[in-house]
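Worksheet: one structure, shown below.
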Amino acid sequence: MIYIALLVVGMLGAGIAACLLRDLLAAVVAAAAVSLILSGFFYLLQAPDVAMAEAAIGAGLTTAIFVIAIRKTGRHEE
Amino acid sequence: MRAFIGFVALSLIAVGLALALYHIPFGQDRMDVARDYLARSVRDTGAPNVVTGIVVNYRALDTLGEVTVLFSASLGVGMLMTWRSPGGGRPLPGASLIVRRGAGFLFPFILLFGGYIFVHGHLTPGGGFQGGAVIASAFLLLYLGIPGYLLARRPLAAIESLTGITFVAIGIIGLAVGGYFLNNFLPKGSVFSLFSAGVIPILYMVIGLKVGAELAGVVANMIGGGEE
Amino acid sequence: MIWLVFFSFIAAGIALSLARAGLGPTTPDRVVGVDGTVTITIALMVLLASFFDRQIYLDVALVYAVLGFIGVLAVARYLERGV
Amino acid sequence: MRVFGEVLIGIGTAFLFLGGLGIFRLLDVYNRLQAGTKCTTLGAFSTIIGVGFVHPAWMLKAIVIGVFILLTNPISAHALARASYRNGIPLWEGSVVDRCREFEECSRLPKEGE
């Protein structure tokens, strides 16, 4: 139970950080952390199919696509 | 001011969700359909993985829709980003020797792993979408490790189109043989063996190749896009 | 009983790495925190597969072991102006 | 066999905890990367092989996972360390040796925005 509470707190903190950070690269890293903890959650709830989809998409592809988009636009939010 | 409005809207949504979910007891199945699927799926489809049985057999038409959505998203990215040399002609600093060699060494293994995931989609967790994402990640690794790498566009488009046609063709054969679209017309085989579950492995291979080609196309378009 | 010890160690490791990801003054610090969390999570997933006694759950850990470094590599190549 | 596997898991989880502690407590990016790569790689490898010993039928897949961790973790750590050094992220002020400065490979990049 306490482990699940820890995971929930971590995921909430990372999600709020992803919204509030002005440095978009750091926000992307926070979003990657959200995806990681979410995948762990699906795993704990014994849904390995969904956990695997979240892992395959969230580990490499979304981070890289966000990073490329930041390269094309700008790193800091006004 | 904008942050305040956003906060109010978010709390309204949260209160609404809490009110709506308050009366539903947690952890009990509220629907008979789930129990029905669990009881019948293995016998009907021949796939021990119930999720696969639902996604590619009972709800295969919805899967066709999903693949189409992904296709149009890839098309949109391709229309927004033009196909040009990486970085818009700006010379890119090369990756170090370790990254280059590592990317080249790991690439075939990651491709093989993606293939393993979608071929074994009816036996183990995972399937076409997951395997396709893994294959696209392999190409992304090449882009990251080897600056100036360009994916050949023509085979990519050919794979996308051919797999889409194959999906629909399997559906129409099912319509001709069994009376409804995407009917599982092949013999089921014995449960837990690789060649079993009728058309499910074939459909998952088709979906995996299609998703992999589409996501790799998205990555290629994003990286190779112009800078104007 | 012994599983409780293992899971406590791993939970402490995840909490400390995530705290570094939250605190880290520079972006590479945060990436280091998330990268450490990925590695610890792979071990956690394998342990949980052993705990649930389901072999097929190992595949999820395998996906993370294969793909976990691509995100870090993407951020590193961005910092090198290589993307 | 089972006891041996559990001993390996114990060693591995202890190293994972120490790796997390190192990531949290050490003082600059490079030291943290040291803890976050060496320690957690050894910890995860030991844990996974330990699970393979507890369930002998899983050994093959456990070895595959472990080998992938051993192959991929150093690549990302190396790329991150090089990128942060070339971006001019400072070493801790008490550091006594900086061999990377002598090589052309580690030349500083121009500031963001050229």
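Chain letters run A, B, ... following the sequence lines, proteins first and then strands; every chain starts at 1.
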Out of [options], which one racks up the most heavy-atom pairs below 4.5 Å with chain D?
{"options": "C/Ala65, C/Gly36, C/Gly13", "result": "C/Ala65"}
{"options": "C/Ile70, C/Asp53, C/Leu73", "result": "C/Asp53"}
{"options": "C/Val72, C/Val32, C/Val75, C/Val38", "result": "C/Val32"}
{"options": "C/Leu58, C/Asp59, C/Ile10", "result": "C/Leu58"}
{"options": "C/Gly71, C/Ala43, C/Ser50", "result": "C/Ser50"}

Atom [atom1] in [X], atom [atom2] in [Y]: separation rounded to 0.5 Å?
{"X": "C/Tyr64", "Y": "D/Ile69", "atom1": "OH", "atom2": "CD1", "answer": "13.0 Å"}
{"X": "D/Leu71", "Y": "C/Phe69", "atom1": "CG", "atom2": "CZ", "answer": "9.0 Å"}
{"X": "D/Arg82", "Y": "C/Glu80", "atom1": "CZ", "atom2": "CD", "answer": "4.0 Å"}
{"X": "C/Leu16", "Y": "D/Leu18", "atom1": "CG", "atom2": "CG", "answer": "10.5 Å"}
{"X": "C/Thr39", "Y": "D/Leu16", "atom1": "OG1", "atom2": "CG", "answer": "8.5 Å"}
{"X": "D/Asn73", "Y": "C/Asp35", "atom1": "CG", "atom2": "CG", "answer": "5.5 Å"}

_I need the single residue from C/Leu47, C/Leu44, C/Val5 that forms a side-chain contact (heavy atoms from CB on, under 4.5 Å) with D/Thr13. Which is it?_
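Going through the options one by one, the only one that passes is C/Leu47.
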
*Answer yes or no: are there more than 12 heavy-atom neighbours, outside C/Phe52 itself, under 6.0 Å from its atom CZ?*
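Yes, because the 6.0 Å sphere around CZ of C/Phe52 holds more than 12 heavy atoms from other groups.
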
*Is C/Phe6 atom CZ crowded by more than 12 heavy atoms from other residues, nucleotides or ligands, each under 6.0 Å away?*
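For C/Phe6, atom CZ is crowded (more than 12 foreign heavy atoms under 6.0 Å).
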
*Looking at D/His55, D/Glu6, D/His78, which makes the most heavy-atom pairs under 4.5 Å with chain C?*
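The candidate making the most pairs under 4.5 Å is D/His55.
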
Please tabulate, for side-chain N and O atoms in residues 20-28 of chain C, each donor-acceptor pair with protein atoms closer than 3.5 Å (sequence neighbours left out).
residue : atom : partner : partner atom : Å
C/Arg20 : NE   : D/Ile23 : O            : 3.2
C/Arg20 : NH2  : D/Phe24 : O            : 2.5
C/Thr26 : OG1  : C/Asp29 : OD2          : 2.8
C/Thr27 : OG1  : A/Asp23 : OD2          : 3.3
C/Thr27 : OG1  : A/Arg75 : NH2          : 3.3

*Applying a criterion of heavy atom separation less than 4.5 Å, what residues of residues 59-66 of chain D form contacts with chain C?*
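The residues closer than 4.5 Å to chain C, in numerical order, are D/Lys61, D/Val64, D/Ile65.
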
*Region of C/Ala49 in contact with chain D, defined by heavy-atom distances below 4.5 Å*: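 Both backbone and side chain.
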
*Might you point out which heavy atoms bring D/Asn87 and C/Leu79 nearest each other, and give the distance in Å?*
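What the structure gives for the nearest pair is ND2-O, 2.5 Å.
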
*What's the shortest heavy-atom distance between D/Gly20 and C/Ser17, and which atoms?*
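Result for this residue pair: CA-OG, 3.8 Å.
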
_Quick check on D/Ala81 against chain C: is it the side chain, the backbone, both or neither that has a heavy atom closer than 4.5 Å?_
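Contact with chain C is absent: no heavy atom of D/Ala81 under 4.5 Å.
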
*Pairs where residues 13-28 of chain D contributes a residue and the test salt bridge (charged side-chain N to carboxylate O under 4.0 Å, His left out) is met, not counting sequence neighbours*: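 Residue pairs passing salt bridge (charged side-chain N to carboxylate O under 4.0 Å, His left out), neighbours aside: none found.
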
Could you pull out every donor-acceptor pair under 3.5 Å between side chains of residues 43-54 of chain D and any protein atom, sequence neighbours left out?
residue : atom : partner : partner atom : Å
D/Ser46 : OG   : D/Leu8  : O            : 2.9
D/Thr47 : OG1  : D/Gly43 : O            : 2.7

